[in-house]
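To keep things clear, I will list the structure first and then write my remarks on it.
In what follows, every heavy atom counts, from backbone to side chain, and hydrogens, waters and symmetry copies are set aside. Numbering starts at 1 and runs along the sequence shown.
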Amino acid sequence: MIIFFSIGTNLGDRDANLREALRLLDERVGKQLALSSVYHSNPQGFVSENKFANIVVAYQTNYLPEELLLITQQIEREMGRTIKSANGIYHDRIIDIDLLKATLHSAHITHQSSLLTLPHPRMHERDFVIVPLLEVERMLLQANF
């Protein structure tokens with residue numbers, strides 16, 4: 001299965017936060033297949049002076065979606081994130097890792113549970129997700145994945 005993650009940060013050393021999140025995902029998720037450029041954006045859904053740095057990355061993995069969710073939540077905690085967004089209330093964060101979508105043999109995987117919905121239900125509303133996602137998908141097409 002190929003899983004696509006969106007990673008964002010708007011606190012501290014944003015480049016270092018992205019590198020650390022990628023390092024931990026590389027160790028725990030599988031083989032990294034493609035990584036987008038860094039995209040900068042203003043906060044969406046809340047007011048903050050801190051701009052976000054965002055990337056999208058694709059991995060080949062043997063984990064199931066809910067297992068990947070647990071892995072990403074553990075990474076977020078290890079990196080210092082203590083508060084998750086809830087009920088549409090967003091805030092500054094040192095790291096945010098979202099599962100965007102998954103494919104298996106080029107077919108889209110859908111998943112719906114109380115913990116996780118794939119594809120991510122709001123990813124198409126966010127340029128800071130869609131633009132790097134399209135970049136990663138182009139890379140995978142060129143590499144025949």
Do Ser48 and Asp92 pair up side chain to side chain, a donor and an acceptor below 3.5 Å, judged on atom types alone?
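Looking only at side-chain atoms, Asp92 and Ser48 do form a donor-acceptor pair, the distance falling under 3.5 Å.
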
Could I get the full list of side-chain contact (heavy atoms from CB on, under 4.5 Å) partners for [X], not counting sequence neighbours?
X: Pro65; result: Met1, His111, Leu116, Leu118
X: Asn42; result: Lys51
X: Ala107; result: none
X: His108; result: Lys101, Thr103

Other than Val131, which residues form its hydrophobic cluster under the rule that side-chain heavy atoms must be closer than 4.5 Å?
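Members other than Val131 - counting any ILVMFWY side chain reachable under 4.5 Å - are Tyr39.
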
In chain order, what residues pass the side-chain hydrogen bond (donor to acceptor under 3.5 Å, both in side chains) check against [X], with sequence neighbours excluded?
X: Gln44; result: none
X: Arg23; result: Glu20, Glu27
X: Arg14; result: none
X: Gln74; result: Arg77, Glu78

Expected list for residues 138-145: side-chain donor-acceptor pairs under 3.5 angstrom, two or more places apart:
none

Per the side chain to side chain donor-acceptor pair (under 3.5 Å) rule, what does the pair list look like for residues 120-129, sequence neighbours excluded?
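Sorted pair list: Tyr90-Arg126.
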
